[in-house]
Asker: 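Here's a structure for you.
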Amino acid sequence: MHETDRTAGRRRGATIIDVARVADVAVGTVSRYLNGETVRRSNREQIERAIQELGYRRNAAAASIRTDLTHMIGFLVPTFDEFHARMLEHLANSVRSTGRALLTYCHGGDPRVVAEALDFFAAQRVDALIMDGTAEVYDRVDDLIEHDVPIIFYNNDVRGLAADRVMVENHRASYRLISHLIDLGHTRIGMLMGDPRNSSGIERLAGYEQALRDRSIVVDASLAVRGNWRMDGGYEATKRLMSLESPPTAIFSANYGMAVGALSWLKENGRHVPDDISLASFDDVAIFRLYEAGITAVAQPVAGIAEKITDILVERLTESSSGATRSIVLECDIILRGSTRRIT
């Protein structure tokens, strides 16, 4: 994990997260203790020892400012696919453990609905907003920040906003997976791209291209086809790739939905994985383990993302919300299965 705190170089006091780490309890447990709520005796004693050890001092002035908390947290999500549904499950559990509730709004990728959702969250007076970034509503999100609503981006960033971020190593994970395919002898590797307006789509494509260049393989623009994260997009993109005069010997999908679309086209057209073509995907989902060959995939640490978001959330709402923004990047695992084979 790589974590950047823009206050680096300045000594900072202990935070609620430090107390939770030393006390070996959840951040939510520390939050309840500090707010005078009941916690187990053993936890209370551990927290008190940690507070004494760290010299923790609650920012009483900052705490007194936020007396109008609703204990509702907004969660703005583009779709309830496998990744975002798992994120919702983990976030709901971790946020609930802090005594707060998650208020969810799905926008389906429509900027107008995103704007409506932001208005809805503002009307509900949410204490903070967690969202998959979308640049179309930059000004509206900036307005929320100006009104002291903490924003936490995950999955996709919107650069230039004073928000916290919890992301994964999109570039490096894609680079590692493409390098694995090259090590197996593949030089014509197709890619099913996501939306190029999304930071995750940009970074995964960049990792794919960098891996090719570093191994002296010419980047062929015809081998990277846009599928827009969707199953039908992955289906059509695979059709285009396999219709090339010199089709790829391996395909890398930037998410699991497009990979499922690729599998559908390959099955309909009598192509077998990995005998006829190798396939790998960003995102690891249960169906990949059930597929006969098993699909090689990048596994995102969804539970870890939710945990880090909740840690930041509690710190923002328990401590002063005016501190420097944080940017956290979590590592991914590469899960090797039977869908990729060596070129002989």
Asker: How far does CZ of Phe83 sit from OG of Ser200, to the nearest 0.5 angstrom?
Answerer: 8.5 Å
Asker: Please tell me whether Ile145 and Phe121 are part of a single hydrophobic cluster in this structure, the criterion being side-chain heavy atoms less than 4.5 Å apart.
Answerer: yes
Asker: Under the side chain to side chain contact (heavy atoms under 4.5 Å, CB included) rule, what do Asp220 and Leu223 come out as? Steps first, then yes or no, please.
Answerer: CA-CA 6 Å; Asp220 183 344; Leu223 289 175; 3.8 Å; yes
Asker: Considering all heavy atoms of both residues, which atom of Cys106 and which atom of Val113 are nearest to each other, and what is their separation?
Answerer: O-CG1, 4.1 Å
Asker: Taking the side chain as every heavy atom from C-beta outward, state whether Lys267 and His272 have any pair of such atoms under 4.5 Å apart.
Answerer: no
Asker: Using 4.0 Å as the upper bound for N to carboxylate O, is an ion pair formed by Arg316 and Asp148?
Answerer: no
Asker: Going only through I, L, V, M, F, W and Y residues with side-chain contacts under 4.5 Å, is there a path from Ile202 to Val219?
Answerer: no
Asker: Please find the pair of heavy atoms, one from Asp276 and one from Gly270, that lie closest to each other, and give the distance.
Answerer: OD2-O, 3.8 Å
Asker: For a 4.5 angstrom cut-off between non-hydrogen side-chain atoms, does Ile312 reach Thr310?
Answerer: no
Asker: Donor-acceptor check, side chain of Glu169 to backbone of Cys332, threshold 3.5 angstrom: yes or no?
Answerer: yes
Asker: Which atoms form the tightest heavy-atom contact between Ala128 and Val149, and what is the distance?
Answerer: CA-CG1, 4.0 Å
Asker: Are Tyr291 and Phe282 linked, directly or through other ILVMFWY residues, by side chains that come within less than 4.5 angstrom of each other?
Answerer: yes
Asker: Any sub-3.5 Å donor-acceptor pair from Ser97's side-chain atoms to Ser94's backbone N or O?
Answerer: yes
Asker: Let me confirm one number: the CG-NE2 distance from Leu212 to His186, rounded to the nearest 0.5 Å.
Answerer: 12.5 Å
Asker: Search all heavy atoms of Met191 against all heavy atoms of Ala254 and return the closest pair with its distance.
Answerer: CE-CB, 3.9 Å
Asker: Does the Arg188 side chain pair with the main chain of Pro248, one donor and one acceptor, at a distance under 3.5 Å?
Answerer: no
Asker: Determine the minimum heavy-atom distance between Val225 and Leu241, stating which atoms define it.
Answerer: CG2-CD2, 3.6 Å
Asker: After noting the C-alpha distance and the side-chain angles of Leu76 and Ile130, does the key distance pass the side chain to side chain contact (heavy atoms under 4.5 Å, CB included) rule?
Answerer: CA-CA 6 Å; Leu76 183 57; Ile130 304 162; over 6 Å; no
Asker: Could you give the distance from CZ (Arg271) to CG (Leu279), rounded to the nearest 0.5 Å?
Answerer: 13.5 Å
Asker: Regarding Glu45 and Arg41, does a basic nitrogen lie under 4.0 Å from an acidic carboxylate oxygen?
Answerer: yes
Asker: Kindly determine whether Arg213 and Gln210 satisfy side chain to side chain donor-acceptor pair (under 3.5 Å), including the steps that lead there.
Answerer: CA-CA 5 Å; Arg213 286 193 295 266; Gln210 187 67 51; 3.3 Å; yes
Asker: So with a 6.0 Å cut-off around CD1 of Ile287, is the heavy-atom count from everything else above 12?
Answerer: no
Asker: Under the criterion side chain to side chain contact (heavy atoms under 4.5 Å, CB included), I'd like the reasoning laid out for Thr296 against Phe288: C-alpha separation, chi angles, the key distance, then a yes or no.
Answerer: CA-CA 8 Å; Thr296 290; Phe288 286 172; over 6 Å; no
Asker: Nearest 0.5 Å, what's the CG-CG distance between Asp283 and Asn255?
Answerer: 5.5 Å
Asker: Do Leu129 and Ile73 come within less than 4.5 Å of each other through their side chains, counting heavy atoms only?
Answerer: no
Asker: Grouping I, L, V, M, F, W and Y whenever their side-chain heavy atoms are under 4.5 Å apart, do Ile217 and Ile343 come out in a common cluster?
Answerer: no
Asker: Where do Arg342 and Asp183 land on the salt bridge (charged side-chain N to carboxylate O under 4.0 Å, His left out) test, with the steps shown first?
Answerer: CA-CA 8 Å; Arg342 184 173 298 279; Asp183 289 341; over 6 Å; no
Asker: Counting C-beta onward and ignoring hydrogens, is there a side-chain heavy-atom pair between Ile51 and Tyr33 closer than 4.5 Å?
Answerer: yes
Asker: After noting the C-alpha distance and the side-chain angles of Leu54 and Val19, does the key distance pass the side chain to side chain contact (heavy atoms under 4.5 Å, CB included) rule?
Answerer: CA-CA 7 Å; Leu54 294 168; Val19 173; 4.0 Å; yes
Asker: Would the number of heavy atoms belonging to other residues, nucleotides or ligands and lying under 6.0 Å from CZ of Arg240 be above 12?
Answerer: no
Asker: When rounded to the nearest 0.5 angstrom, what distance separates OH in Tyr105 from CD in Gln124?
Answerer: 10.5 Å
Asker: Indicate yes or no: at least one non-hydrogen side-chain atom of Asp333 is less than 4.5 angstrom from one of Ile335.
Answerer: yes
Asker: Should Met231 and Met193 be counted in the same cluster of Ile, Leu, Val, Met, Phe, Trp and Tyr side chains packed under 4.5 Å apart?
Answerer: yes
Asker: Between Asn269 and Trp265, what is the shortest heavy-atom contact and its length?
Answerer: ND2-O, 2.8 Å
Asker: Could you walk me through whether Ser278 and Thr340 pass the side chain to side chain donor-acceptor pair (under 3.5 Å) test, one step at a time?
Answerer: CA-CA 4 Å; Ser278 292; Thr340 58; 5.5 Å; no
Asker: When the ring planes of Phe252 and Tyr208 are compared, do they come out parallel, tilted or perpendicular, using 30° and 60° as the limits?
Answerer: parallel
Asker: Check whether any side-chain heavy atom of Leu69 sits under 4.5 Å from a side-chain heavy atom of Met72, and report yes or no.
Answerer: no
Asker: Looking only at atom types and distance, does a side-chain atom of Ser199 sit under 3.5 Å from a main-chain N or O of Asp157, one as donor and one as acceptor?
Answerer: yes
Asker: Is the closest side-chain heavy-atom distance between Arg140 and Asp119 below 4.5 Å?
Answerer: yes
Asker: Before giving the answer on side chain to side chain donor-acceptor pair (under 3.5 Å), spell out for Thr98 and Arg100 the whole-Å C-alpha distance, their side-chain angles and the decisive distance to 0.1 Å.
Answerer: CA-CA 6 Å; Thr98 73; Arg100 299 174 176 87; 3.0 Å; yes
Asker: With a 4.0 Å cut-off on N to O distance, would you call Arg289 and Asp284 a salt bridge?
Answerer: yes
Asker: Within the side chain of Asn93, is there an N or O that forms a donor-acceptor pair under 3.5 Å with the backbone of Glu89?
Answerer: yes
Asker: Between Leu102 and Leu88, is there a side-chain heavy-atom distance shorter than 4.5 Å?
Answerer: yes
Asker: Above 12 or not: heavy atoms from other molecules or residues under 6.0 Å from CD of Glu268?
Answerer: yes
Asker: Can you tell me how far apart CG (Asn228) and CE (Met258) are? Round to the nearest 0.5 Å.
Answerer: 8.0 Å
Asker: Indicate yes or no: does Arg326 engage Glu315 in a salt bridge with an N to O separation below 4.0 Å.
Answerer: yes
Asker: Is Arg215 atom CZ crowded by more than 12 heavy atoms from other residues, nucleotides or ligands, each under 6.0 Å away?
Answerer: yes
Asker: Check whether any side-chain N or O of Asn156 sits under 3.5 Å from a backbone N or O of Asp132 as a donor-acceptor pair, and report yes or no.
Answerer: no
Asker: Set out, in order, the CA-CA distance, both residues' side-chain angles and the distance that settles salt bridge (charged side-chain N to carboxylate O under 4.0 Å, His left out) for Glu203 and Arg172, then state yes or no.
Answerer: CA-CA 9 Å; Glu203 292 165 6; Arg172 183 169 179 267; over 6 Å; no
Asker: Go through it in stages, so that I can follow the logic: the residues are Tyr175 and Asp214, the test is side chain to side chain donor-acceptor pair (under 3.5 Å), and I'd like the CA-CA distance, side-chain angles, deciding distance and then a yes or no.
Answerer: CA-CA 10 Å; Tyr175 182 99; Asp214 285 355; 2.7 Å; yes
Asker: In this structure, are over 12 heavy atoms from other groups packed under 6.0 Å from Arg226 atom CZ?
Answerer: yes
Asker: Please list all pairs meeting ring pair (Phe, Tyr, Trp, His ring centres under 6.0 Å) that have one or both residues in residues 135-160, counting only residues at least two apart or in different chains.
Answerer: Phe75-Tyr154, His84-Tyr154
